[in-house]
Each structure stands twice: as structure tokens, then as C-alpha cells.
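Worksheet for the structure shown next.
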Amino acid sequence: MHIPASPVAPHMVDNKYYGRGDKTKYQLGDAEVVSLHARRRSAEADTLTLLRTEMDNDPLRNVDDQSHLFLVARPAAAPRDMCLPITGAPDWQTRLLTLVEKAKSSQAVPATLAKFHPDIDDAYQAHRRARGVALSSRGLNPDRTYAHEQPEEIRQAVIEVQLFEDGGLRLYMSRFSTGVSSPYRPEEDEEQQLADDAAVLLTWRVLEVMRLVSEEVGYHGNWVIGAGANQLHGRRRYSGQSRFPANDRYSDDTYEETTGTTLAELRDQPGAVTRRLLGPLLRSLGSEALFAEALGDQP
């Protein structure tokens, strides 16, 4: 049985780095440690470039003042046609819809995560994309442009899932913030507040789609994944109708983070992957502790 190397190696124990040999662990030399760190940084840099490209191609850029969420993933070492059995199949629409529906119905997602709209299964319109396929809500046209003619409630809640021939996966969601009026000062303009719970929930969904894709095409290698968001500056998390709303406001306009993961971690510890991806954002908003179960290792 082949066990891929850890995507976050090398690991330090008692101020020493260890590697995995054929049968036992051994202490790594300085050159090996430097090489492993460089390899990991290179993979994460490539994913960060991919994430920034997706954010630059935001189909709702300059359309609204909502914050938008981006999740990108790619297999670390796979053939360029890894997902062609899905994307090139005559019934690709059914196959992709089935993957999304399975991810939505997964029992692994912690019950503490609230429901959110749009969720991953609100992407149901099938489209061809360059080198891949996609499902989107009604807020996007077949050419991935903004559907201005749709009712406002549809235009404000766009979600899209893309799967590419090379195994690349993307999720886009336009309602990472929503306008909230103060019940105590109704005369004031709405304030855009961040849906941090949506980021946690949809990250879990994407990790489950990655696992399902791996199993369907027989890929047992590592993945790299990135999370990003835009139009964040000065915004705080939505805290419901509390009389004491959150007041930790995000000081940058964008958020970007990447990490690596294995199929075993996708299956057994998706919370740990979610924590590496979203922890810095949630800590900045003062809400990491609220998602302790969703960010923890699963039993």
C-alpha cells in the first residue's frame, strides 16, 4: 500500500526533523530539511497564483459591494487528464451533480455548522467551461458573466462549482457578506457584515468533493488547496440580532491562505485542513473559538 508523503512535512519533534524511510523514521540532514521546505513553498506558491487568478477573474467584480469567497484546489501530482472520465463523459452533468449532492448530504459535516444560502447544491445549472465543466446558480450566464436580468435575491447569492480535466476544482460564492440594518438605528445605511460560518461550511463541502473526486478517478496522491476573499476592509462578522455585535474589523481588503493535504486527511481530519486554511481569518474576526468542533480533528 502506498502512503503519500505528508504535504506539510518536514515535522519537528524535540527540535529535530524526521523523515520516513522504507521501514523506519530517520533524522533529516540540513540539506533535506531545506529541500522539503522549498518544495512545499513552491507548491503553495503555485496554488496562491491560481487563487489570485480566480480572484482577478471575479465575475461580479465591480458589480456589488458584497464580499466574495473563493476556494481553489488542485492535485499535487496527477496526469493532465485526471478528471476526463468525469468531465468528458456523455453524462458529465449527472456525474457532477451527483458529486455535489453527495458532498451536501455528507454526515461528516458537524451539526454545529448552520445552514447557509447559497449552499453547494444551489449550483445546479450545467455549463461547459474552458478545459472543464461547471455547475452554477442562476446568477451566472453560460459564459460566466453576471446575469443582470435575474431578480435581486438571485443576483446577490451566486455560487459556482468548476471541475477541470486536470483535476482542478474551484468554488465561487458571492454572498460572503450581507447588508445588515441596525435595529436600534434603522435610519442608518445597511452595513456589510461577513458570513464567516459560510466560509467554514463551504470549505468542508469542497474538501468532501475533493475526497469524492479522488475516489471516483482513483487518485491517491496529495492535494493543495487555497482559500481567499475580497472586499473585506473594515468589515466584521455577522453576529445575528445580538445587542452586543462583534466589533473586530478586518484590516486588509483581501484574505489569502493555502495548505496541502492528503486523501487520508480529507477522509479523517477535514477539520484540521479547514483550520489551516481559515484559522488566520477567523482569529482576525475573533470567531475561531465559535467553530471549535468544525476546526478540530474528527474522531
- prompt: Which salt bridge (charged side-chain N to carboxylate O under 4.0 Å, His left out) pairs, counting each pair once, include a residue from residues 79-93, with sequence neighbours left out?
  reply: Asp91-Arg95
task: Flag yes if Leu84 and Trp223 sit in one hydrophobic cluster, no otherwise; membership is Ile, Leu, Val, Met, Phe, Trp, Tyr, and two members link when side-chain heavy atoms are under 4.5 Å apart.
output: no
task: Using the test ring pair (Phe, Tyr, Trp, His ring centres under 6.0 Å), find all partners of Tyr172 that sit at least two apart in sequence or belong to another chain.
output: His68, Phe70
task: Could I get the full list of side-chain hydrogen bond (donor to acceptor under 3.5 Å, both in side chains) partners for Glu215, not counting sequence neighbours?
output: Arg211
- request: Pick out which of Arg74, Glu256, Glu257 makes a side chain to side chain contact (heavy atoms under 4.5 Å, CB included) with Thr47.
  value: Arg74
Would you tabulate the side-chain donor-acceptor contacts of residues 123-132 under 3.5 Å, counting partners in other chains and residues two or more places apart, or write 'none'?
from, atom 1, to, atom 2, distance (Å)
Gln125, NE2, Ser137, O, 3.4
His127, NE2, Ser136, OG, 2.9
Arg128, NH1, Thr87, O, 3.0
Arg129, NE, Glu160, OE2, 3.1
Arg129, NH1, Pro142, O, 2.8
Arg129, NH2, Glu160, OE2, 2.7

message: Which residues pass the ring pair (Phe, Tyr, Trp, His ring centres under 6.0 Å) test with Tyr250, not counting sequence neighbours?
response: none
statement: Contacts of Gln193 meeting side chain to side chain contact (heavy atoms under 4.5 Å, CB included) (sequence neighbours excluded), chain-then-number -> Val180, Glu191, Arg236, Tyr238
query: Is there a donor-acceptor contact under 3.5 Å from the side chain of Arg235 to the main chain of Gln231?
result: yes
query: Would Met173 and Leu169 show up in the same hydrophobic cluster when neighbours are defined by side-chain heavy atoms closer than 4.5 Å?
result: yes
Asn230 and Asp253 side chains, donor-acceptor separation under 3.5 Å: no
message: Do Cys83 and Asp166 have side chains that approach each other closer than 4.5 Å (heavy atoms only, starting at C-beta)?
response: no
